[in-house]
Structure formats: C-alpha cells, structure tokens
**Q** 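Pasting in a structure now, in structure tokens, and then I'll have a few things to ask.
Chain identifiers are assigned alphabetically (A, B, ...) following the order of the sequence lines, protein sequences preceding nucleic acid strands; residue numbering begins at 1 within each chain.
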2 protein chains.
Amino acid sequence: MAPTPRQLAREHTMREIVRIGRAQLATVGPADLSLRAVARELGVVSSAVYRYVSSRDELLTLLIVDAYDELGDAVDAALADAPDGPRDRLLAAARAVRTWGLRAPSSYALLYGTPVPGYAAPADLTTQPGTRVVLALVGIMVAASEAGGLRPPQREVPNGVRADMERIRAEFGLELPAGALATGFQLWSGLFGLVSFDVFDQWGPGTLTDRDGFFDYQVGLLGDLVGLA
Amino acid sequence: MAPTPRQLAREHTMREIVRIGRAQLATVGPADLSLRAVARELGVVSSAVYRYVSSRDELLTLLIVDAYDELGDAVDAALADAPDGPRDRLLAAARAVRTWGLRAPSSYALLYGTPVPGYAAPADLTTQPGTRVVLALVGIMVAASEAGGLRPPQREVPNGVRADMERIRAEFGLELPAGALATGFQLWSGLFGLVSFDVFDQWGPGTLTDRDGFFDYQVGLLGDLVGLA
DNA sequence: AGATTGCAAGAGCAGTGCTCACTTTTGTGT
DNA sequence: ACACAAAAGTGAGCACTGCTCTTGCAATCT
C-alpha cells in the first residue's frame with residue numbers, strides 16, 4: 001500500500017527534527033540540547049513536537065542512532081578507499097574516527113562521553129549500530145590473521161576472560177583466536193581513549209604540538225599491540 | 001595574623017558547598033547539578049550561594065579540583081601499599097583508578113567525560129591536579145627503567161612527536177627516553193579508555209561477564225605495550 | 001456528508017541559573 | 001560602648017527549560 005500523504009508529512013517532519021537536533025548539537029553540546037529550540041527552528045509551538053518525540057531523551061536516542069550511523073559510514077567509506085595492508089587499513093579507520101570526532105565533538109560526546117544523566121539509551125536501538133566500528137576493527141584483524149599477518153599475543157588469557165571471548169567469537173562468527181580477540185578489545189578502547197583525549201582536550205594545554213603525527217604514531221603502537229605485521 | 005571568625009565561617013561554608021555538591025553528584029550527574037538544590041541543602045535561599053560561588057560553572061570547577069584530588073589520593077594510597085615490581089604497581093594504580101571511577105561515576109564523568117558545554121575548566125586550576133595520575137604512571141615506568149626493567153619500544157618515533165616528547169621530558173625532569181615517554185601517553189589514554197568504557201558501560205550489555213578479570217588482563221597488555229618486564 | 005483521527009496552539013506547572021534592591025548580622029575602629 | 005561599614009542573607013523577578021492538558025482546526029476515512 002502506498003504511503004498516505006500524512007505518513008509522508010510525518011516522516012518528513014521526523015527527519016526535520018533530527019536534522020535540526022543535529023544542527024543544534026553542532027553548537028551547544030548534548031546537555032544543552034533544547035526541545036523548545038528545536039520547536040522554534042521548526043516553526044512550531046513547543047508542545048507540538050511532542051507529537052513526534054515523546055521526550056527529550058527520545059530525541060537524544062534518535063540523535064545517538066543518527067550519530068552511530070554517521071560514524072559507521074565514515075569508517076566504512078575510509079576503509080573502502082584504503083589500501084590492502086592491515087596497518088594502512090587500521091590507520092585509515094582510526095583517522096576516520098578521529099576526524100569525525102573532531103568535526104562533530106558534541107555528536108561524538110553523545111556516543112562516547114558522559115551518558116546523559118539518569119538515562120540509559122535503549123540497548124535495542126543503540127547497541128547494534130554501536131558495534132559497527134568495533135566490527136570494522138576486528139575485521140581488519142581477521143583479514144590480517146587469514147593472511148598470516150597477525151602475531152599471536154604472548155600474554156596468556158585467563159579462564160574467565162577466555163570464556164567471554166569464546167562466546168563472543170561464536171556469537172559474531174569471528175575466525176580469531178581468543179587471545180587475539182581480547183587484544184581486539186584493547187584496540188577498541190585504546191582507539192576511543194585516544195580520540196576522546198583528543199576531542200575533549202584531555203592532554204594538557206600545549207602538551208602536544210603535532211597532534212596529527214602523535215595520533216598516527218599511537219595508532220601504530222596499537223597496531224603493534226594487537227600484533228599486526 | 002590569626003584568621004578572623006568570619007574567614008573561618010566562610011571557609012566552613014565553602015567546604016560545605018563542595019561537600020553538598022559532591023553528594024549531589026553521587027545521585028544526579030554533572031549536567032543536572034543544581035545550585036538551587038545545593039542552596040536548599042545548605043538551608044539558605046538560592047541567591048545566597050552566589051556570595052560564595054559566582055556561577056554554577058565555578059562550582060563545577062571546584063568539584064573538578066576536588067575530584068582530581070580524590071583520585072590522585074586514591075592512586076597514591078594504592079601505590080603506597082603496592083609491592084615493588086612495576087607490573088604490580090601498574091596494576092595497583094590502574095585498579096585504584098577503576099575502583100574510584102566505578103564508585104563515583106559522576107565525579108569520574110566530570111573529569112573524563114564530556115566537558116560541560118561551552119565551559120572550559122580554567123587550566124591553571126585543573127591542569128596541575130589532573131597530572132597526578134599520569135605522573136604516577138610515568139613514575140612507574142621511570143622506576144622500571146632505572147632498574148633495567150623497561151624494554152625500549154621498537155617503533156621509531158617521528159620527529160614532530162619526538163620534539164614534543166623531549167620538551168615534556170625536560171619540563172618534568174623525566175629520566176626516560178622519548179620513545180618510552182611516547183608509549184607512556186598510550187598507557188595514559190589506554191588506561192582511561194578502559195576505565196571509561198567500564199564506568200560508562202560502553203562494552204555492550206552482557207558482553208563481558210568477568211569484568212574484573214578482563215580489566216586486569218587488559219592492564220597487563222598495556223604493561224606489555226610500554227615494555228615492562 | 002459526517003465521523004474520526006491527527007496536528008497544532010496556548011496556557012500553565014514546576015524547575016533552573018542568575019541579578020538586583022533590600023534587610024540583617026557581624027566585626028571592628030574610634 | 002557605640003557607630004559604621006563590610007559581609008551575609010532575603011525575596012522578588014526575568015528568561016529559560018521539560019512536560020501536560022485542554023481546546024480548536026483540518027485532513028482523512030467510511
């Protein structure tokens with residue numbers, strides 16, 4: 001059945017709300033995102049937006065999903081253009097994350113900063129898009145492993161951790177030994193630790209002058225850590 | 001000159017405000033911290049607290065400094081009780097950071113989460129206490145280095161990064177080669193990446209069952225990365 | 001055409017940060 | 001001991017927020 005004009009209008013308004021919300025985020029930061037401001041921008045009285053979005057938190061959820069998509073797309077695009085070597089691919093993906101974060105700090109904060117107070121993003125909506133980046137990272141490792149370019153980690157994996165890794169490996173169908181998968185988690189949190197420090201300016205002021213070079217170097221270290229050739 | 005009663009009262013009130021603010025943080029999260037609520041708790045009308053704190057942001061700054069102190073103390077205390085080996089000391093420090101973060105997520109968020117919108121914490125007040133933890137981490141590396149228990153990193157340090165490292169080495173009087181210092185930064189952001197993922201529940205739900213063991217293992221990997229014996 | 005459904009408006013509530021004119025308290029210098 | 005000035009506290013008020021509820025209007029379906 002063809003969508004009725006009303007449905008079309010509704011979807012359009014929905015997209016407008018998300019678009020305006022994202023635009024607001026570019027200037028104010030997640031905590032200050034105002035539904036009333038969105039309503040004003042939309043040219044409508046404040047209570048009207050509640051027809052579309054049941055609360056501010058729900059708008060935030062929409063924006064979180066939107067941001068995850070954008071970030072995932074950015075990484076995928078970077079990987080599509082990247083050369084074949086695992087190190088080049090890792091660097092491309094990492095740079096994409098950092099570039100996106102620096103370009104849209106508030107959106108980045110929405111995903112990897114302080115969770116909004118007393119509000120847990122509905123896992124069913126946000127978990128899946130949130131895994132795209134880490135799956136891309138692990139994908140690089142899997143490819144390297146299959147090509148014989150992945151040094152197995154020295155450190156022994158304790159049993160509790162090993163059990164978790166085995167389960168995850170099965171769940172996602174990853175052709176990766178438990179030890180390597182465990183280092184993959186380090187790659188994940190390590191990368192976002194780096195980007196967060198950069199986006200949130202957590203290295204002291206004036207500590208680093210060559211931040212681009214510094215980032216690339218640190219990503220190289222992460223590559224060493226996971227045993228890329 | 002002896003402090004006048006008024007100064008004493010003022011200092012006491014100041015401490016009370018910080019104490020109440022910290023208590024609020026335990027329940028609401030940085031963005032929802034309310035000066036009016038602090039005033040109520042203090043048993044005073046809302047405008048009165050402006051005699052002590054010029055704005056909500058200034059209160060946040062006070063709380064940031066307070067949190068840095070607390071975290072620094074926690075790490076120092078853990079290191080004081082830790083055995084001699086660098087790996088044990090690293091683990092002790094890392095666990096202290098994590099434990100503190102899990103116990104006071106909002107305070108942790110204040111330091112390592114999204115910076116409060118449009119408000120840059122005055123560097124002169126927050127930078128110094130913010131360096132305590134990283135200095136402790138680097139201190140572990142220096143001690144290991146002097147004891148001959150620090151493998152030099154393989155990866156070559158590019159010139160721009162090397163220059164920054166040399167400058168920082170001089171500024172803080174660190175007896176550490178530039179390459180090792182660079183890996184120290186990875187240790188820094190890597191540790192806080194791990195803790196942030198843990199405190200903010202960024203590993204998906206149900207992904208990890210043995211989070212304590214996982215953390216210890218990952219810290220071990222970070223130890224490998226910086227070349228601890 | 002008439003009934004139903006969806007959308008928007010506007011008033012209103014409780015809360016926020018912050019300012020300002022004012023009163024009360026308090027410490028001190030004469 | 002008393003007056004005076006500085007500091008502390010008050011309460012009203014402004015502009016803003018999220019959110020609810022009732023009301024009027026318009027498009028859609030039967």
**Q** Nearest whole angstrom, please: distance from the P of C:dG17 to the CG of B:L35.
**A** 5 Å
**Q** Choosing from C:dA8, C:dC18, D:dG18, which nucleotide comes nearest the side chain of A:V44?
**A** C:dA8
**Q** Just checking, is any N or O donor in the side chain of B:Y108 or B:S196 under 3.5 Å from an acceptor N or O on the other one?
**A** yes
**Q** So B:T13, base contact, sugar-phosphate only, or nothing? Heavy-atom distance under 4.0 Å.
**A** nothing
**Q** Among D:dG9, D:dC19, C:dA9, which is the nearest nucleotide to the side chain of A:A48?
**A** C:dA9
**Q** Which word best sums up how the rings of B:F192 and A:F197 line up, parallel for under 30°, tilted for 30 to 60°, or perpendicular for over 60°?
**A** tilted
**Q** From CD of A:Q24 over to C1' of D:dC16, roughly how many Å is that when rounded to an integer?
**A** 14 Å
**Q** Name the closest nucleotide to the A:S55 side chain, picking from D:dG11, D:dC19, D:dC21.
**A** D:dC19
**Q** With a cut-off of less than 4.0 Å, is there a side-chain N or O of B:R10 near OP1 or OP2 of D:dA7?
**A** no
**Q** What's A:L59 touching, base or sugar-phosphate or nothing? Going by heavy atoms closer than 4.0 Å.
**A** nothing
**Q** Please give me the minimum heavy-atom distance between B:E166 and B:A178, naming the atom from each residue.
**A** OE2-CB, 3.9 Å
**Q** Output the rounded distance in Å from CG (A:L8) to P (D:dA27).
**A** 16 Å
**Q** With a 4.0 Å cutoff (strictly under), does any side-chain N or O of A:R51 reach OP1 or OP2 of D:dC21?
**A** no
**Q** Rounded to the nearest Å, what distance is computed from the CG atom of residue B:L42 to the P atom of nucleotide D:dA8?
**A** 13 Å
**Q** C:dA8, OP1 or OP2 - any side-chain N/O from A:Y52 closer than 4.0 Å?
**A** yes
**Q** Could you state the atom-to-atom distance from CG of A:D57 to P of D:dC19 in whole Å?
**A** 7 Å
**Q** Send over the distance from B:M14 CE to D:dA8 C1', rounded to a whole Å.
**A** 14 Å
**Q** Please work out which of the three classes, parallel, tilted or perpendicular, describes the rings of B:F214 and B:W203, given edges at 30° and 60°.
**A** perpendicular
**Q** Give the nucleotide from the list D:dG13, D:dG11, D:dG18 with an atom nearest to the side chain of B:V45.
**A** D:dG11
**Q** Is B:R36 side chain donor-acceptor paired with the C:dG15 base, going by distance under 3.5 Å alone?
**A** no
**Q** Which residue lies toward the 5' end of DNA chain D, A:S47 or A:R40, if each is placed at its nearest nucleotide?
**A** A:R40
**Q** Atom CD of A:E58 and atom P of D:dC19: how far apart are they, to the nearest Å?
**A** 10 Å
**Q** Mind calculating the distance between CD (B:E16) and P (D:dG9) to the nearest angstrom?
**A** 12 Å
**Q** When you measure from the side-chain N and O atoms of B:S34 to the phosphate of C:dG17, is any distance below 4.0 Å, counting only OP1 and OP2?
**A** yes
**Q** Apply the side-chain contact (heavy atoms from CB on, under 4.5 Å) test between B:V138 and each candidate in B:T131, B:V133, B:L176; give the one that qualifies.
**A** B:L176
